[in-house]
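The sequence lines fix the lettering, A, B, ..., with proteins before strands; numbering per chain opens at 1. Only a predicted model underlies this, so the values are computations on that prediction, with no experimental measurement involved.
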Amino acid sequence: MARYLVFDLETENYKTYKRFANPFDEINYVVARGWKAQGDERCSWSYHTGRSPENRLHIPDDVTLLVGHNLKFDLLWEWDNPELKAFFKRGGRIWCTQYAEYLIQGARQDYHMPSMDFIIESYGGRKKIDEVKALWEMGVKTSQIDKDLLIDYLVGTEAEGRNSGDIGNTELIFLGQIKKAMGKSMLKMIHTRMDGLCATAEMEFNGLKIDVEEARRRIKDMGEELIEMDAELEQYIPELPPELKFNWASNVHKSALIFGGTLKYIKKAPYIDEKTGTVARKQATEQWPLFGGYPTSPEGLAPCPNHYPTIFYPGQDVYTSGKKKGQGRFKAVTVPGEVKQKNQEFHVELPGYTVPDKKWETKNTDAVGHPVYQTSDDVIEELGSRDIPFLKLMAKRQSLVKDLGTYYLRYDESKKEYVGMMTCVMKHSHIIHHSLNHTSTVTTRLSSSDPNCQNIPKEGTSEVKKMFISRFAGGKMIEIDYTQLEIVVQALLTGDKQLIEDLLNKVDFHCKRVAAWKNISYEEAVARCKNPAHQEYKLWHGYRTDAKVFSFQRAYGAGAAKISDTTGMAVDDVKDLIEAEELLYPDILSFNQRVEQAVQKSAVPFRDPIRGFRTFRRGTWQAPTGTLYSWRTYDAPKWAKDKGINDTFMPTEMKNYPVQGTGGEIVQMQLGLLWRHFVANDNYGGRALLCNTVHDCVWIDSQPDVVHEVAVDAKRILESVPESLERIFGIHSPVPFPCEVEVGNNLFDKQVYHV
DNA sequence: TGTTAGAGCGCC
DNA sequence: AAAAGGCGCTCTAACA
């Protein structure tokens, strides 16, 4: 008989290498484990004081589904548990209630990483005792929390029959979600994505091997390069007061330097006392001599020549009796002392090297309220023709600092700690265990964090990828990419005949756009744009680059004005090109219209707590796979408001989410299959490991002897999208999903691998 | 001392 | 007619 098993762990919770309750660090261990198999009347639990062979989840042979909330967290603790491996090998599946809830709710922002408490009441349950949570928030370690209290939290109190707590709530949510998912035709889609979740758990477990020697070399070199650059740049900084150190990382400083502006700095200085209207001073006491009973300032008085030091000044009052008889009389007088200083804001105006364009204004202002201007790469590029001496070097410095501080290591003086990706490299293994998040985007794409391993600079930007090496002796890194995934997905979703035909014919879309734009044949465009021997190659290759930018922008729904702005193409040319596309691929237009109609039709009002509880609307569209997408309205643009329309959906978002989301979904589906293949083959006998995914690609670390086999298998499995769609969803794909394999000693020095 | 918004920028 | 999509990290500046 098939049964589900709900389980949950309470673990020691030291955050190390940016990872909360890091399971890869021996410092942490499972403190308490709770579980309940389908049909059990009470939850079971165990309590532990450290790692041990007994501290493992037991999975009975008839269990076919593991259930948990934020299940990947718990699974990673058990990932090398032989019983879990056997469970997966016999086809066992998982259900994460957090992921399922996110999907059921259409990936809405407010359902990203939903906590159990956030959703429990909608499934008829009660929020848990928050005493344990309060202890955690105070920084108490799990192992220090009273055992009975922790167990109550985990599985419910004796009074509740030990059938509540985290475990009971998870079961309640799970059962409710199954019903909801069936009602919305989402069950197959959710089950499919859960295998994708296993694939990324495997990747986090395996992590990424870092060449720390290479990292050290680069950090040293870059540090030296930075010092040289700063010395070279120094000459362009105007003379500034010593309290103001020009900061090349400050947008305010850069804007003022380039375009002129006022910088502020803090300096200790005298100030006017409001009470007296004069310069503020400390109080001091002085001993003033008395003359005729009145104290007089001794300043300017000559000392008494005959009676000094008993009588200080000529004519000074003297004591006539007592111990001090005959001595000069003094009185303590309060006088203004040392000038007081306090921290005050001072300004210094920089003349600037050139005049800014109004469109570069930012929301920020300088010390006197003038706008701060953008100093981004785009702006620097536009300034290229203005003959400003230091801009190139400044841009170079900017990218070096970005590289060093984000992807290597840099000491942050203000935070008094190191920052950068290297802080996540584990000390002995030299592995980065990154996080791949399934519930953090509105399109159902994955995200990555701690560190983000989905934005590592590619060749041409940085040498960072050289650090990513194989963990095996003589091993290779394999990267497999889908080619033009989003265009393929657009063809799948829209069923556009021409787009399908073009994909099948392997048309170069950019050349095709150039042909439409310049009114020449496709063949002629290819000849001019792609053949360096052509006499006008340079010009036409440039047109193709414009067309490329055009396609990306169109994919994101940009309008003619914006595209004209970034490419420099004439607005009318862009408009013509858009029109030509709509005629060429008419089903893309009609698909977008169908999505918009569905969104408008399903729209319901809601109040936005972030925008003063004002009313907006939310609408959805469901993809053929069952994935639900959700959009909200925003304040209407001015021209719409003039027509009495208050709030509008963003057409750009409506065009983009289905394509971006379905692309992500397809990759995740295939990752699940790939992972199943690796499970069935015991990771090629431990010789190849899945280790990362970046939206349309997969990274694999492999021993040299299985590289070919792995590359062939992985390419075949990833390309089997049409078969998967047919088998799981009964969807026919009119287009293939081709992939390209690259292999190298690291992720930088890799080459196309023909299988 | 810690939090937050904005700018900027890396990836797809 | 019209508004370039999705992420996460680092840095500064302003604020409590």
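- The pair A:Arg614-A:Asp647 does not meet the salt-bridge criterion, since no charged nitrogen lies less than 4.0 angstrom from a carboxylate oxygen.
- The residue A:Glu653 sits close only to the backbone: its heavy atoms come under 4.0 Å of sugar-phosphate atoms, none of a base.
- Using a 4.0 Å heavy-atom distance criterion, A:Tyr657 is classed as a sugar-phosphate-only contact.
- Between A:Glu653 and A:Arg632 there is no salt bridge, since no side-chain N of the basic residue sits under 4.0 Å from a carboxylate O of the acidic one.
- The pair A:Glu214-A:Arg218 fails the salt-bridge criterion, with no side-chain N (NZ, NE, NH1 or NH2) lying under 4.0 Å from an Asp/Glu carboxylate O.
- In terms of position along DNA chain C, the nucleotide closest to A:Gln553 lies nearer the 5' end than the nucleotide closest to the other residue of the pair A:Thr441 and A:Gln553.
- Only the C1' atoms considered, B:dC9 is 28 Å distant from C:dA2, to the nearest whole Å.
- Using a 3.5 Å distance cut-off with no hydrogens or angles, the side chains of A:Gln374 and A:Thr362 do not pair a donor with an acceptor.
- Considering only residues two or more places apart in sequence or on other chains, A:Phe737 meets the ring pair (Phe, Tyr, Trp, His ring centres under 6.0 Å) condition with none of them.
- Within the nucleic acid shown, A:Gly420 comes within 4.0 Å of sugar-phosphate atoms alone, with no base atom in reach, counting heavy atoms only.
- If you check every strand for non-hydrogen atoms under 4.0 Å, A:Asp450 touches sugar and phosphate atoms only.
- Counting 5' to 3', DNA chain C first comes under 4.0 angstrom of a heavy atom of chain A and last does so at the ends given by C:dA1 to C:dA14.
- Using a 4.0 Å heavy-atom distance criterion, A:Arg410 is classed as a sugar-phosphate-only contact.
- Within 4.0 Å (heavy atoms only), A:Ser440 reaches sugar-phosphate atoms of the nucleic acid but no base atom.
- Among the heavy atoms of the strands lying under 4.0 Å from A:Val442 are primed sugar atoms or P, OP1, OP2 only; no base atom is included.
- Each of A:Ala558 and A:Lys643 has a nearest nucleotide on DNA chain C; the 5'-most of these lies closest to A:Lys643.
- The pair A:Asp508-A:Lys512 does not meet the salt-bridge criterion, since no charged nitrogen lies less than 4.0 angstrom from a carboxylate oxygen.
- Across all strands shown, A:Lys415 has no heavy atoms under 4.0 Å from either base or sugar-phosphate atoms.
- Counting any heavy atom pair closer than 4.0 Å across all strands shown, A:Lys18 reaches sugar-phosphate atoms only and no base atom.
- When each of A:Arg554, A:Arg445, A:Lys655 is checked for a salt bridge (charged side-chain N to carboxylate O under 4.0 Å, His left out) with A:Glu486, only A:Arg445 meets the rule.
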Quick one, A:Lys359 with A:Glu382, criterion salt bridge (Lys or Arg N to Asp or Glu O under 4.0 Å). Give me CA distance, side-chain angles, the key distance, then yes/no. CA-CA 12 Å; A:Lys359 70 179 177 192; A:Glu382 272 194 69; 3.6 Å; yes

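- Electrostatic pairing of A:Lys264 and A:Asp366 does not count as a salt bridge here, judged by no charged N lying under 4.0 Å from a carboxylate O.
- Among the protein residues, A:Phe649 comes within range of the nucleic acid bases, having at least one heavy atom under 4.0 Å from a base atom.
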Quick one: what's the B/S/- string for nucleotides 7-12 of chain B, heavy-atom cutoff under 4.0 Å, read 5' to 3'? SBBBBB

